[in-house]
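What's counted below: heavy atoms across the whole structure, side chains too, no hydrogens, waters or symmetry copies.
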Amino acid sequence: MFAPAARVRHAGLFLAFPALETTGLLACAKEVYGALPNGFYGLDTILIDAVLRALAGEARAEGATRFDPAELGRALGLDRAPEVTTIRRRISQLAETCKAGELIAALAKHHLAGTGTGGEDLAAILYVDGHVRAYQGTKKIGKIYSTRLKFPVLATEETWVTDANGAPVFVVMAKPGASLAAELRDLLPELRTAVGDDRRVLVGFDRGGWSPALFKHIDAAGFDVLSWRKGTTEGIEGDLFKEVTHTDDHGQERKWSVADTLVDLPLNTTKTSGEVFEIRQITRIVGTTGGGTRQNHILTTDHTLPGGELVYRMGNRWRQENQFRYVPLHFELDSHDSYTSTGDDEERMVPNPEKANPYQKVVAARNAHTETAAIADINLMALKTPAEGSAELAVTVTSDMHNPAMAPLWEAENSLIAAEKAHKVIPAKLRLGELNPGQQVLDTETKLIHTGIRMAAYHTAMTIAREIRTNTGYRRANQEAHDLIRQIFNQPGDIDTTKPGVLTISLDSLPTKAKTVAAAQLCEHLNSAETRYPGTELIMRYKIKINA
């Protein structure tokens with residue numbers, strides 16, 4: 001219930017509801033959870049409160065202590081907003097149902113059913129990457145290598161999927177110590193459910209998912225691969241390069257010099273089985289810091305998209321990296337919403353760290369053997385070649401001549417055999433209980449529920465920012481849209497309920513005339529949606545009080 005009020009502190013948050021409705025959070029939560037147990041605060045209220053707090057800059061439950069409950073309650077249609085203990089209790093009740101994964105899947109399916117700006121299919125390409133969330137508590141959590149910190153830290157890892165625009169779509173908690181390649185293999189059925197049909201979707205990821213066997217598996221599962229080639233490879237001849245172009249959604253044309261070829265990738269890197277997987281390779285010439293050039297190789301199983309679009313799509317993966325920077329900063333993605341933990345499965349087989357050093361010795365021995373074999377071939381050829389000016393057509397190589405030339409190679413072969421035997425006797429995996437007894441894993445249900453809420457808040461903010469860029473005349477919208485929406489969300493205003501069936505929100509003027517005009521144009525555009533306040537029949541109307 002809403003009552004007329006002036007100078008409501010959080011009136012600007014009402015502008016989030018048209019965009020919040022498009023995220024599907026409330027509808028998906030109702031579909032998955034039904035309702036919370038009887039209480040003063042229902043499912044919709046708890047979720048709306050969490051999203052509004054996130055948009056106001058306090059995404060964690062503890063952030064509720066920084067709001068006046070009565071003031072925030074006016075935005076919820078209640079006499080007061082829930083406090084920290086209530087929020088934790090109600091979220092815990094949702095977590096007890098163990099349906100957080102279903103909520104994330106429902107949100108992903110809802111999001112991918114829509115279209116992005118310009119009408120393009122958001123599921124045209126899905127980017128996949130892992131995100132390490134460092135842990136600072138006292139629990140015995142496993143260590144994960146952090147690329148940001150450059151060393152292993154106590155952490156949990158999540159596997160994120162983002163859409164063609166780099167916006168978050170889906171997330172699963174990765175198994176401790178699992179590689180991105182292993183997570184990708186397990187994630188494919190979830191991606192197919194989220195996409196909702198049998199179309200071949202391009203799945204982009206970085207070199208962390210490198211595995212020719214995985215590429216073949218993804219192709220067989222009805223998806224297409226888009227990734228960088230890993231390791232050293234021979235350069236492409238210059239006459240194969242041609243200029244390609246691509247025009248993005250904003251009308252900007254880009255040009256690249258590209259060679260489009262097919263290559264064979266060995267499926268087994270440890271055995272000489274000879275089985276290969278043919279894949280398309282897009283090679284681009286890029287500059288180096290020293291002023292020279294080098295070749296970057298992109299691999300894909302898609303044989304229909306133009307080379308220019310594939311180069312653009314691969315570079316566009318940086319939008320996902322930008323999202324990993326933006327969401328933790330503004331929506332506290334890396335916060336620990338629950339410190340509850342359970343014992344890890346001690347029967348789980350994990351990689352044996354003692355295997356690493358012997359394997360490096362095998363690699364070194366193989367390289368040494370290859371180099372020694374090349375030198376031995378040169379020496380034998382020199383022995384068989386008659387001296388310059390000699391009348392002899394051939395030279396007879398005796399054992400006394402042959403053995404010294406081949407001795408280094410035989411020694412290298414013996415060293416390689418010994419290294420391989422030493423490596424083979426070490427088990428590749430051990431029971432977790434043997435390697436790290438007592439290891440624990442953090443609760444995932446509570447974290448995933450809060451992650452779903454933060455994803456909805458992120459999409460809400462992105463939608464409003466997009467409306468500012470496309471439906472207002474604000475000149476600096478491309479640079480300041482996100483700053484402007486944060487200012488609008490924290491703007492005070494009046495609540496007017498005098499007109500039956502209408503909830504009118506009148507926001508105070510912003511500090512500058514340009515921002516005030518932009519906010520007024522945004523309000524006019526949001527009014528066309530005729531959004532109803534969740535759980536009521538009240539249509540929301542927005543306007544800005546323009547100072548004379």
Side-chain angles (χ1 to χ4, degrees), residues 9-29 41-69 71-78 81-84 86-88 90-92 94-95 100 103-104 107-108 110-111 131 133 158 160 162 167-171 322-338 446-468 481-491 533-534:
R9 185 175 179 182
H10 303 292
L13 291 173
F14 281 96
L15 270 70
F17 284 98
L20 175 59
E21 186 177 35
T22 65
T23 67
L25 175 65
L26 302 182
C28 291
Y41 299 102
L43 179 62
D44 282 359
T45 300
I46 290 295
L47 296 178
I48 292 172
D49 167 73
V51 171
L52 295 186
R53 279 189 292 101
L55 293 173
E58 297 292 345
R60 301 181 66 204
E62 290 80 357
T65 60
R66 299 176 180 88
F67 294 87
D68 182 338
E71 290 281 358
L72 185 57
R74 289 186 179 276
L76 301 174
L78 300 171
E83 298 187 16
V84 177
T86 302
I87 296 170
R88 286 175 173 168
R90 298 303 255 174
I91 295 294
S92 296
L94 293 178
L103 174 63
I104 298 295
L107 288 172
H110 175 88
H111 180 78
H131 178 67
R133 179 164 53 100
E158 303 155 354
W160 280 85
T162 56
V169 172
F170 189 80
V171 60
N322 293 336
Q323 181 255 137
F324 285 149
R325 292 178 175 87
Y326 184 88
V327 179
L329 179 63
H330 295 285
F331 296 102
E332 301 182 90
L333 176 67
D334 291 340
S335 64
H336 293 280
D337 300 293
S338 172
T446 301
K447 180 60 183 175
L448 284 178
I449 293 171
H450 282 284
T451 297
I453 293 170
R454 290 184 175 102
M455 288 169 56
Y458 174 87
H459 288 305
T460 299
M462 293 299 108
T463 300
I464 299 295
R466 185 167 59 247
E467 299 300 338
I468 290 175
H482 295 283
D483 292 334
L484 181 57
I485 61 172
R486 283 192 289 270
Q487 196 167 6
I488 291 174
F489 286 155
N490 287 283
Q491 196 70 3
Y533 192 95

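Checking His336 against Arg133 by side-chain atom types alone, a donor-acceptor pair falls below 3.5 Å.
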Query raised in the report: Under the side chain to side chain contact (heavy atoms under 4.5 Å, CB included) criterion, do Thr23 and Leu107 qualify, and how do the steps go?
Result: CA-CA 7 Å; Thr23 67; Leu107 288 172; 5.7 Å; no

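Residue Arg9 places its CZ atom among 12 or fewer non-hydrogen atoms of other residues, nucleotides or ligands, all under 6.0 Å distant. No more than 12 heavy-atom neighbours from other residues, nucleotides or ligands sit within 6.0 angstrom of CZ on Arg74.
In this structure the side chain of Pro82 reaches within 4.5 angstrom of the side chain of Leu76, judged on heavy atoms. For the pair Ile485 and Leu55, the minimum side-chain heavy-atom distance is 4.5 Å or more. Using a 4.5 Å cut-off on side-chain heavy atoms (C-beta onward), Leu103 and Leu448 make no contact. Between Asp337 and Thr451 there is no side-chain heavy-atom pair separated by less than 4.5 Å. Within the 4.5 Å cutoff, the side chain of Asp49 has heavy atoms near those of the Arg53 side chain.
For Asp44, the side chain to side chain donor-acceptor pair (under 3.5 Å) criterion is met by no residue, not counting sequence neighbours. Partners of Phe17 by ring pair (Phe, Tyr, Trp, His ring centres under 6.0 Å), not counting sequence neighbours, listed by chain and number: Tyr533. Residues satisfying the ring pair (Phe, Tyr, Trp, His ring centres under 6.0 Å) test with His459, not counting sequence neighbours, are His111.
Distance CH2/Trp160 to CD/Gln323: 6.0 Å, rounded to 0.5 Å. The distance from the OG1 atom of Thr45 to the CG atom of Leu78 is 5.0 Å, given to the nearest 0.5 Å. Here the straight-line distance linking atom CG of Leu47 with atom CG of Leu52 works out to 11.0 Å at 0.5 Å rounding. Within the model, atoms CZ of Arg466 and OG1 of Thr463 stand 4.5 Å from one another, a figure rounded to the nearest 0.5 Å. Taken from CG in Leu43 to CD1 in Ile48, the straight-line distance is 9.5 Å, to the nearest 0.5 Å. Taking OG of Ser92 as the start and CD1 of Ile449 as the end, the distance is 8.5 Å to the nearest 0.5 Å.
The heavy-atom pair separating Tyr41 from Arg90 by the smallest distance is O-NH2, 2.6 Å. Residue His131 comes nearest to Asp334 through the heavy atom pair NE2-OD1, 2.7 Å, listed as atom of the first residue, atom of the second, then distance. Here the closest non-hydrogen pair linking Ala64 and Ile87 is CB-CD1, 3.8 Å. Here the closest non-hydrogen pair linking Leu15 and Ile464 is O-CD1, 3.7 Å. Thr460 approaches Leu20 most closely through the heavy-atom pair OG1-CA, 3.5 Å. For the pair Glu332 and Ala59, the tightest heavy-atom approach, listed with the atom from each and the gap, is OE2-N, 3.0 Å.
Between Arg88 and Glu62, at least one side-chain N (NZ, or NE/NH1/NH2) sits under 4.0 Å from a carboxylate O, which counts as a salt bridge. Taking the charged nitrogens against the carboxylate oxygens, Arg66 and Glu58 do have a contact shorter than 4.0 Å, which makes a salt bridge.
Between the side chain of His330 and the backbone N or O of Ala54, no donor-acceptor pair lies under 3.5 Å.
Taking the six-membered ring where tryptophan is involved, the planes of His10 and Phe67 are tilted, since the angle between them lies from 30° to 60°.
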